Amino acid sequence: MKILLIHSDYLKYEVTKETPVAEDIEEEMKKGEMEECLSVFTAVEEKDEGKVDKVISEGVEEILDTVEKLDVDKIMLYPYAHLSSSLSDPDTAVEILKGLAEELREDFKVHRSPFGWYKSFKLSCKGHPLSELSKEIVVEEGEEEEEMVSKALEAEETMESTWGIMDVDGTFHELKVDGKEVQGYDFNENQDLKDFVRYEAGEKESGSAESSHIDLMRNHELVDYEEGSDPGNLRFYPKGRMMKGLLEDYVSEKTRRYGAMEIESPIMYDIDHPALKKHLDRFPARQYRMETPDKNVFLRFAACFGQFMMARDMTLSYRSLPVRLYELTRYSFRAEQRGELTGLRRLRAFTMPDSHALCKDLDQAKDEMMTRMDLAKSVVNGIGITVPDELELVIRATQDYFEENRDQIEKLVKNYGKPALIEIWDDQFFYFILKYEFNFIDPLGRASALVTDQVDVEQGERYDINYVDEDGEEKNPYILHLSPSGAIERVMFTLLEQAAMQEERGEKPTFPYWLAPTQVRFVPISDDQLDHVKKLEKEIETARVDIDDTDRTVSRKIRAAEKEWIPFIVVVGQDEVESGDLSVRIREKEEQVEMPLEELKKVLKEKQGDMPYREVPLPKYLSKRATFVG
RNA sequence: GCCACCGUAGCUUAGCUGGCUAAAGCGAUGGUUUCGUAAACCAUAGACCGCGGGUUCAAAUCCCGCCGGUGGCUCCA
């Protein structure tokens, strides 16, 4: 609603003719005049529809505000359509006008001029600084409307699950979960799996400690919170960016090598697009929404939208299936509830490698899923997280699917290599009928999913993705949704938590060698060796080397390097310059070894293997470095 | 989003039953030191005590609101 307030000597009007939207009025309303009053010209707008009460109360507030400043006791309400170009329907307008008059009448003398009539009027404005004011009253979206929650999210609340453990030989043990008690399986050796069940299906311990990775990600100058953004949108310092970049390179390379075609797609999508709209309703997540100059859009929460929109325009034959698409989404967005966010574990903006495979039929989908599980295992192992030892498998399926495809589920468990948690849904709430996840169980018994693959039976039809089958018929493919490593940030979370676990066990915490921001640190004992060290450093081309050329004592330099978890610390003094050997402190072995440069180079090359490589993300000389955190 | 807790120099913390110029270590800067495998020495700078409002003669300290964070609920990659 727009209002124009004029402190008037008088306002005088008379109706001349009715318009098609005129309200019915008594004879006495056809003329009116008021002296020493506040004239309130109003236009009720389209966006006020459905929010009558709110508009009235905010309107009254605005008017009272001015009335008090001007110290008047008479108010003339005057409908004036020309204040707005998008007027509301007449009923809403009359309702609001009447409401305003009624509320204001409690304390003031009010005259309401009729709505929907042509009128002649005379007005005298007082002309002082406060005498003319225009205001817009906007009732914010969300104040009255409910938050939009997908049907899948709502349905989830009523979902009933059966839980069980499947052994590698296919034996299924149904579990009884009562509070913290889990019965029906002898967990004995496998505390993580037991914690996992309790986390998924039972009651958790209360009053847990903080996750270790949050301090680590800051202390190592990897990642930090960004107060200037929305919660869950982080900043990456050079070392963190490098580590994340290497992980991104590695996962993408492996996924391309599996046969997925890498593509790039937009991060925002039209909320009114029919296929997308239905998709949203079948996905259990909250979206970021925003307005562009032309549309209402939501931010992608995975790569599905871009890849499906692309796939629907592709010409596909059964001969080309399975078709594999891939995108590293930087970023995917989910408007997670405020209290769900933590460090690198749960974010609102995250980087997810996402690959979809279009499959001819269920048999092909099953085969493809197995191929992809091998890919995922290889990716995760390559990163430095051991599968199956360090992650727990869960397979979730609808009751019908589980019963009809038990053989496939047994194969998945066998292929994974250790007993898995099974969840059976009593009904299908999502677009997928089967999904599995690799879960990391942190030291406090909390589970976080990394890898996941899903069998989707709905989106092919919803997006009108078709292939021509042998018989010449157009058919919708089965679609698999795989994240071959899980979100990159969550991989970093896992690596940091595992390092904290090493420390807990009394070992020195480490980063996987290929991810260590500095792989080799040269420590000259005094300035005299600096030139020699510079020559040595140039000899090493296959590793990230930096040089501590600061004015600190040797022990201080060692200490600094240890605190950075640098895998190889090379101390060079006069002895080394003369002998040609190097004194190498190896973190992993917690020992100090004498070796010639050539041998060090060999060891480094071996450690690196064929993992992706990037240069040192900071100046080579420590004296040139700025501090990011503290 | 809900419940509980937290927010003091770049970092880690002291002060917080209201009362002098808010204290220290690390780090930074300047100087001394040129050093042999996890902390050399001296000095200097550095604080809208998260933000806004309130109570009070007086607020880092008490109260309210907001922002940020942690844990739990719920949920996920």
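These figures come from a predicted structure and were not determined experimentally. Throughout, a chain's letter reflects where its sequence line sits, starting with A, and its residues are numbered from 1.
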Paired with [N]: which nucleotide, if any, by Watson-Crick or G-U wobble criteria at under 3.5 Å for both distances?
N: B:G19; value: B:C57
N: B:G10; value: B:C26
N: B:U32; value: B:A40

(request) With rounding to the nearest 0.5 Å, note down the distance linking CE in A:M217 to CG in A:L496. (result) 9.0 Å
(message) Which residues pass the side-chain contact (heavy atoms from CB on, under 4.5 Å) test with A:M268, not counting sequence neighbours?
(response) A:M290, A:T292, A:V297, A:L299
(request) Could you tell me the separation between the CZ atom of A:F350 and the C1' atom of B:C76, rounded to a whole number of Å? (result) 8 Å
(message) Holding to ring pair (Phe, Tyr, Trp, His ring centres under 6.0 Å), I want the full list of residues that pass it with A:Y416, two or more places apart in sequence or in another chain.
(response) A:F438
(message) If the condition is ring pair (Phe, Tyr, Trp, His ring centres under 6.0 Å), which residues does A:Y331 pass it with, not counting sequence neighbours?
(response) none
I'd like a list of close polar pairs between nucleotides 7-11 of chain B and the protein, N/O only, cut-off under 3.5 Å.
residue : atom : partner : partner atom : Å
B:G10   : O2'  : A:V629  : O            : 2.1
B:G10   : N2   : A:G630  : O            : 3.3

(message) Among residues at least two apart in sequence or on other chains, which ones pass side chain to side chain donor-acceptor pair (under 3.5 Å) with A:K377?
(response) none
[N] and [M]: how far apart are their [atom1] atoms, nearest whole angstrom?
N: B:A59; M: B:U8; atom1: C1'; value: 14 Å
N: B:G50; M: B:A60; atom1: C1'; value: 12 Å
N: B:G27; M: B:G65; atom1: C1'; value: 36 Å
N: B:A14; M: B:G7; atom1: P; value: 9 Å

Please check if the distance between the ring centroids of [X] and [Y] is under 6.0 Å.
X: A:H481; Y: A:F432; result: no
X: A:F350; Y: A:F333; result: no
X: A:F568; Y: A:F522; result: no

Check: protein-nucleotides 46-51 of chain B nitrogen or oxygen pairs below 3.5 Å:
none

For [X], give me all partners under salt bridge (Lys or Arg N to Asp or Glu O under 4.0 Å), at least two apart in sequence or on another chain.
X: A:E392; answer: A:K418
X: A:R556; answer: none
X: A:E576; answer: none
X: A:E588; answer: A:K607

(message) Closest-nucleotide mapping onto RNA chain B: is A:M352 or A:E210 further toward the 5' terminus? I mean the 5' end.
(response) A:E210
(request) Return the 5'-most residue of the pair A:G343, A:N439 with respect to RNA chain B, ranking by each residue's nearest nucleotide. (result) A:G343
Just to be sure I understand the rule, does [X] reach a base, reach only the sugar-phosphate, or reach nothing, if contact means heavy atoms closer than 4.0 Å?
X: A:T342; answer: sugar-phosphate
X: A:A447; answer: base
X: A:R446; answer: sugar-phosphate

(request) May I ask you to decide if A:E390's main-chain N or O and A:D192's side chain share a donor-acceptor pair within less than 3.5 Å? (result) no
(request) Do nucleotides 35-45 of chain B as a string where each nucleotide becomes B, S or -: B if the base has a protein heavy atom under 4.0 Å, S if just the sugar-phosphate does, - if no protein is that close. (result) BBBBBB-----
(message) I need the residues from residues 484-497 of chain A with at least one non-hydrogen atom less than 4.0 Å from RNA chain B; give them sorted by number, or say none.
(response) A:G486, A:A487, A:R490
(request) Looking only at non-hydrogen atoms, find the nearest pair between A:Y401 and A:A397 and report the distance. (result) CD2-CB, 4.2 Å
(message) Is it the case that B:C67 (base atoms only) and A:Y225 (side chain only) share a donor and an acceptor within less than 3.5 Å, ignoring hydrogens and angles?
(response) no
